[in-house]
Amino acid sequence: FDGMRLVALLRPPADAEAAVKVLCETAGYAPAEARMRLAGEPPLLAARLSPEAAEESVARLRAAGCAALDVDADPPGDEGRFLVRSLEFLPDRVVLQPRAGAPLALAGSDIRLLLRGIAIGHESKVRTETSRKFDLGKALLTQGLILTKTEKKEVHVDVETADQFLLVYAEGSLPAVLYESEVAFTCLGKEVQPSRLANLNLVTAKLRALAPAARFDDRLIRMGRRGGPFAPGRGPDVIAEVLWQALQRGLL
């Protein structure tokens with residue numbers, strides 16, 4: 001942990017050139033690089049700076065009419081979340097159960113943000129491949145009855161995995177995360193769906209109905225691992241932190 005901060009913009013700047021000028025002066029960018037940082041779907045991760053420089057950059061971006069904020073460059077991931085194994089819906093709350101330990105009960109009125117996303121990872125798997133090759137020795141020994149031999153070899157394959165999730169942010173508690181591959185959806189009883197993704201969609205709909213005032217956002221699905229050079233491999237965690245901090249500060 002290096003104490004650095006990420007400067008993010010929640011919306012494309014109304015005056016792009018004014019924002020470019022601020023980033024050039026506070027982050028040391030060339031104009032072309034600053035324009036590149038301001039391109040794409042927001043929130044835009046514009047710079048990684050020291051706390052003092054980030055504070056100055058955010059203040060100047062806001063003065064230029066930008067919806068900007070700074071967040072910890074290394075926000076907590078699943079180690080700082082409540083990992084849900086099953087859940088129970090009650091009339092005014094949802095009770096979340098972990099794999100082990102005490103449950104977490106969230107009132108619908110306390111839930112403020114629901115984020116749908118996708119975790120993309122890689123697994124190394126070993127696959128056995130079988131091939132048949134012409135064997136001159138066997139052909140001669142068997143007078144042509146056996147012409148080939150079987151060869152087996154192990155091949156290491158890198159497989160991409162995709163696991164959709166739902167992040168639940170509520171006042172006064174750890175954010176809860178529900179992974180489609182981890183939740184025991186049998187807790188839905190007669191409403192259980194034929195696929196894990198359909199069950200996660202159903203849980204999302206139920207939570208939105210329980211907490212109608214909560215903000216819902218699914219841009220993390222489209223963004224995947226996006227984080228660029230500022231947050232390699234941590235894109236979903238960083239963007240989620242930006243959205244939560246923005247909501248708490250009244251910027252969303």
Side-chain angles (χ1 to χ4, degrees), residues 74-125 158-227 231 233-248 252:
D74 187 27
D78 283 350
E79 73 280 0
R81 295 173 180 148
F82 186 92
L83 273 65
V84 178
R85 177 61 175 169
S86 66
L87 66 165
E88 178 185 6
F89 284 97
L90 300 176
D92 64 341
R93 66 190 59 239
V94 61
V95 181
L96 307 175
Q97 296 282 353
R99 189 177 294 275
L104 174 64
L106 298 178
S109 58
D110 288 337
I111 297 174
R112 296 194 59 199
L113 179 64
L114 299 168
L115 296 179
R116 278 293 295 271
I118 185 167
I120 300 174
H122 289 84
E123 292 181 359
S124 182
K125 295 186 176 181
D158 188 34
V159 179
E160 186 173 86
T161 61
D163 195 6
Q164 286 207 27
F165 62 83
L166 172 66
L167 276 168
V168 183
Y169 290 86
E171 293 293 348
S173 69
L174 288 176
V177 59
L178 295 81
Y179 285 100
E180 64 169 305
S181 63
E182 293 292 329
V183 176
F185 289 111
T186 51
C187 61
L188 294 173
K190 293 181 179 180
E191 294 183 279
V192 70
Q193 302 295 301
S195 72
R196 287 189 171 276
L197 182 55
N199 282 310
L200 187 61
N201 290 339
L202 176 60
V203 168
T204 301
K206 282 178 166 289
L207 283 170
R208 294 185 70 181
L210 178 69
R215 188 178 183 91
F216 173 75
D217 199 307
D218 63 357
R219 77 183 78 186
L220 290 181
I221 295 178
R222 299 188 300 276
M223 291 181 172
R225 287 172 294 179
R226 197 198 84 177
R234 297 290 313 278
D237 293 332
V238 170
I239 300 301
E241 182 70 9
V242 168
L243 294 173
W244 175 231
Q245 291 295 330
L247 184 64
Q248 288 187 306
L252 280 184

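All values derive from a computational prediction rather than experimental measurement.
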Using a 3.5 Å distance criterion without hydrogens, assess whether the side chain of E79 forms a donor-acceptor pair with backbone atoms of G77. yes
Do Q164 and L197 come within less than 4.5 Å of each other through their side chains, counting heavy atoms only? yes
Testing V177, L207, L220 one by one against L166 for a side chain to side chain contact (heavy atoms under 4.5 Å, CB included), which residue passes? L207
In the structure I gave you, are the side-chain heavy atoms of Y179 and D78 within less than 4.5 Å of one another anywhere? yes
Side chain to side chain, K206 and V94, heavy atoms closer than 4.5 Å: no
Is it true that a side-chain atom of E180 and a backbone atom of L200 form a donor plus acceptor pair closer than 3.5 Å? no
On a heavy-atom basis, the closest approach of S86 and A184 is CB-O, 4.3 Å
Under a 3.5 Å distance rule, please check whether N199 uses its side chain to pair with a backbone N or O of F185 as donor and acceptor. no
Would you say that F216 contacts T204 through its side chain, given a criterion of any heavy-atom pair below 4.5 Å between the two side chains? yes
Is the shortest side-chain N to carboxylate O distance from R81 to D237 below 4.0 Å? yes
Would you confirm whether R112, through its side chain, and Q248, through its main-chain N or O, come within 3.5 Å as a donor-acceptor pair? no
What I'd like to find out is whether the side chain of V203 reaches to under 4.5 Å of the side chain of L188, using heavy atoms alone. yes
Under 3.5 Å donor-acceptor, Q193 side chain and E191 backbone: yes
Answer yes or no: is there a donor N or O on one side and an acceptor on the other, between the side chain of R196 and the main chain of V183, under 3.5 Å? yes
